[in-house]
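From a predicted model like this one, the values you see are computed outputs, not experimental measurements.
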Amino acid sequence: MRAWLGTGLALVLVAATAAAEESRPRIVLDEPVFDFGTVDRGARVDHTFGVPNRGSATLRIDHVKSSCGCTVVVLSEGEIPPGGEARVAVSLDTARLGGRTTKTINLYTNDPDAPVVGLSLAGQVVADLVLAPAAIYLGHVRRGGTARGEVAITSGRPGASYAAERVEPTGPHVRARLEPRADGPGQRLVVELDGDMPLGRFDEQIRLRTTSPREPLLTLPVFGSVEGDVLVLPPQVTFGVTRGGAAPERDLFIRNRGPRPVTVTGVTVPDEVVTYTLAAVQEGREYRLTLRLRDGLKPGKVESRVEIFTDHPDEKRLVVPLYAIVREAGKRG
């Protein structure tokens, strides 16, 4: 009798587990990529994607992230019932694009088999002049150091012979000059960063006057960051997608590359989101800051920051962005 009861209970548990496994959302994209063909630069491309839920539980879209600032995304609804469908309207601004282009929008969902899915717009953008690359990232530059980047300027329209005529004055810390290309047709733009650029992130724009009547002015973003003696790694804290019942940890390392010892004098965190512990790996040279998400956070997106204070005379306050996406604890669907 006891053996029969044990077997029956086991069968009930297995059936309940199987039912729970079957009750889940399922995102299926019939059209993950939209080919918009060929357009002139400056044209706007609009398209609406369908996002159906073919599962048996509610599909939630927690977060939508675009691959660049040239796209605008509008989501019709964040929760999609079984058999329902959401609409994702995407608008692409091609003003800064040229050549073959693909831009992707990522959807973060509660589908356990597809936590992140991509929707893409792809096509050819025709321009009188094409800058390659379309922006210059100079990376992490040590304070007092210099950095250099190059851009190739070529004709993007068959049979045309447009060119950049001159570079307009930019900020005081960025210089640029035009040269003929030695490795092919077109021109070369050489960009240099001065050693007296202040600490922190920088985002400059170089303006090019051209012979094109359609695009007499082109702009080139130049960005990066200047770092001092005190370095925080990684430069941002990302917990990714987590559930409210879990409590993941992330480590930040505060490293001193200067000649004199540096002490971390204080740390400020969003108390409602994380707790922290600070420990010296090597006193005066390196510290470990461990951040732990609090238990039971409400579902949603977290965007905040961590502030680190030191006794370095020039680097007394360091700011680190903090991100997380929290889902309901214990729920798969």
Side-chain angles (χ1 to χ4, degrees), residues 62-66 69 106 108 115-116 137-145 147 171 173 193 196-204 221 223-329:
D62 299 316
H63 180 51
V64 179
K65 185 177 182 181
S66 171
N106 287 324
Y108 293 78
V116 183
Y137 173 56
L138 294 177
H140 301 277
V141 183
R142 187 71 184 271
R143 181 174 55 183
H173 306 293
L193 182 71
D196 58 353
M197 173 70 82
L199 287 174
R201 297 180 181 178
F202 60 87
D203 188 354
E204 304 283 341
F223 61 100
S225 63
V226 177
E227 298 173 343
D229 293 337
V230 185
L231 182 66
V232 181
L233 294 173
Q236 69 179 25
V237 182
T238 303
F239 286 95
V241 179
T242 183
R243 300 189 183 278
E249 293 183 350
R250 295 291 186 270
D251 285 335
L252 289 176
F253 290 91
I254 306 156
R255 293 175 182 167
N256 173 25
R257 302 181 295 179
R260 62 179 294 274
V262 169
T263 300
V264 177
T265 59
V267 175
T268 300
V269 300
D271 290 328
E272 72 282 3
V273 177
V274 297
T275 61
Y276 77 90
T277 56
L278 179 69
V281 178
Q282 182 183 356
E283 197 68 46
R285 308 306 304 178
E286 183 173 4
Y287 298 85
R288 179 192 290 112
L289 178 63
T290 301
L291 302 169
R292 183 178 185 271
L293 274 184
R294 289 191 178 274
D295 296 330
L297 290 177
K298 293 181 179 179
K301 183 168 62 173
V302 175
E303 290 184 345
S304 190
R305 65 184 183 181
V306 176
E307 295 178 296
I308 301 167
F309 301 90
T310 80
D311 63 355
H312 190 289
D314 301 321
E315 301 167 51
K316 295 183 177 182
R317 176 175 172 268
L318 309 169
V319 179
V320 181
L322 182 149
Y323 305 100
I325 296 174
V326 181
R327 291 184 180 156
E328 290 185 47

Subject >> Counterpart residues, salt bridge (charged side-chain N to carboxylate O under 4.0 Å, His left out), relative to E227 (two or more places apart) >> reply: R257

Original post:
Of the non-hydrogen atoms in R250 and P248, which two are nearest, and what is the gap between them?
Top reply: NH1-CB, 4.0 Å

**OP:** Check salt bridge (charged side-chain N to carboxylate O under 4.0 Å, His left out) between D314 and all other residues, then give those that pass, not counting sequence neighbours.
**Re:** R143

**OP:** Would you check if S225 and V141 make a side-chain contact, meaning some heavy-atom pair closer than 4.5 Å?
**Re:** no

Original post:
Given the rule in the side-chain contact (heavy atoms from CB on, under 4.5 Å) test, do V326 and K298 qualify, once you have shown the distances and angles that lead to the verdict?
Top reply: CA-CA 7 Å; V326 181; K298 293 181 179 179; over 6 Å; no

**OP:** Measure the NZ-CG distance between K65 and N106 for me, rounded to the nearest 0.5 Å.
**Re:** 8.0 Å

Subject >> Straight-line distance of E204 CD to M197 CE, nearest 0.5 Å >> reply: 5.0 Å

**OP:** Show your reasoning for whether side-chain contact (heavy atoms from CB on, under 4.5 Å) applies to R292 and T290.
**Re:** CA-CA 7 Å; R292 183 178 185 271; T290 301; 5.7 Å; no

Original post:
Could you give the distance from NZ (K301) to CD1 (I325), rounded to the nearest 0.5 Å?
Top reply: 7.5 Å

Original post:
Under 6.0 Å from the CZ atom of R260, do we count more than 12 heavy atoms belonging to anything else shown?
Top reply: yes

Subject >> Interatomic distance, E315 atom CD to I308 atom CD1 [nearest 0.5 angstrom] >> reply: 12.0 Å

Subject >> Non-hydrogen side-chain atoms of H173 and P198 separated by less than 4.5 Å >> reply: yes

Original post:
Out of curiosity, E286 CD to R255 CZ, how far, rounded to the nearest 0.5 Å?
Top reply: 4.5 Å

**OP:** To the nearest 0.5 Å, tell me how far Y108 OH sits from D62 CG.
**Re:** 11.0 Å

Original post:
Is Y276 close to V306 at the side-chain level, that is, under 4.5 Å between some pair of heavy atoms?
Top reply: no

Original post:
With no hydrogens and no angle check, is any side-chain donor or acceptor of T242 less than 3.5 Å from a backbone partner on A324?
Top reply: no

Original post:
Looking only at heavy atoms, which two atoms of V320 and P235 are closest? And how far apart?
Top reply: CG1-O, 3.4 Å

Subject >> Presence of salt bridge, R317 and E307, under 4.0 angstrom >> reply: yes

Pairs of donor and acceptor atoms involving the side chains of residues 263-271, under 3.5 Å and at least two apart or interchain, shall be tabulated with distances.
from : atom 1 : to   : atom 2 : distance (Å)
T265 : OG1    : F309 : O      : 3.2

Original post:
What residues, two or more places apart in sequence or in another chain, satisfy ring pair (Phe, Tyr, Trp, His ring centres under 6.0 Å) together with F239?
Top reply: none

**OP:** Return the set of residues passing side-chain hydrogen bond (donor to acceptor under 3.5 Å, both in side chains) with R142 (not counting sequence neighbours), or none when no residue passes.
**Re:** D229

Original post:
Which residues pass the side-chain hydrogen bond (donor to acceptor under 3.5 Å, both in side chains) test with N256, sequence neighbours left out?
Top reply: none

Original post:
Checking side-chain contact (heavy atoms from CB on, under 4.5 Å) for the pair L293/V273: CA distance, chi angles, key distance, verdict?
Top reply: CA-CA 6 Å; L293 274 184; V273 177; 3.8 Å; yes

